[in-house]
Amino acid sequence: MDAFNAQNIVEGEVLRYQDLYPILQEKYPKYKDVQKEAEQHLAKLAYVNPAPDGLMLTQIGYRSLTEK
């Protein structure tokens, strides 16, 4: 979710994988499939929906970001 904040992504916008991966690698350098795990975790929480070129932030995900 930090990546969505860093890129100023709002509800309905897509965070491209090429922008997401470096942030995940920096934050979790020891995880082999960090992007896949992050996508599955956030989708399970209904924060994102997979898009062809990245992850689309849902209304639930956006609310989670703005309530912090």
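Just so it is clear, the model here is predicted, and its values are computed rather than measured.
- L42 and Y21 fall within a single hydrophobic cluster, where Ile, Leu, Val, Met, Phe, Trp and Tyr are joined by side-chain heavy atoms under 4.5 Å apart, directly or via other members.
- Linking Ile, Leu, Val, Met, Phe, Trp and Tyr residues whenever their side-chain heavy atoms come within less than 4.5 Å places Y62 and L20 in a single cluster.
- In the hydrophobic cluster analysis, where Ile, Leu, Val, Met, Phe, Trp and Tyr join through side-chain heavy atoms closer than 4.5 angstrom, L57 is grouped together with L45.
- Listed by first and then second residue, the side-chain hydrogen bond (donor to acceptor under 3.5 Å, both in side chains) pairs involving residues 36-45 are Y17-E39 (not counting sequence neighbours).
- Scanning for salt bridge (Lys or Arg N to Asp or Glu O under 4.0 Å) contacts around D53 gives an empty result, with sequence neighbours left out.
- In this structure, E13 contributes its side chain and V10 its backbone to a donor-acceptor pair below 3.5 Å.
- The side-chain heavy atoms of I9 and L65, taken from C-beta on, include no pair separated by under 4.5 Å.
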Intermediate values then yes/no, side-chain contact (heavy atoms from CB on, under 4.5 Å), Q7 and D2: CA-CA 9 Å; Q7 298 291 323; D2 292 339; over 6 Å; no

Trace of the side-chain contact (heavy atoms from CB on, under 4.5 Å) decision for M56 with N49: CA-CA 5 Å; M56 182 180 68; N49 287 324; 3.7 Å; yes

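- Scanning all heavy atoms of the two residues, the minimum distance from A46 to I60 falls at O-CB, 3.6 Å.
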side-chain contact (heavy atoms from CB on, under 4.5 Å) between L55 and Y47, intermediate numbers included: CA-CA 9 Å; L55 299 175; Y47 287 177; over 6 Å; no

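- Hydrophobic clustering places V34 together with L15 (ILVMFWY residues linked when any side-chain heavy atoms are closer than 4.5 Å, directly or through intermediates).
- Here the closest non-hydrogen pair linking A38 and L24 is CB-CD1, 4.0 Å.
- Between E11 and T58 there is no side-chain heavy-atom pair separated by less than 4.5 Å.
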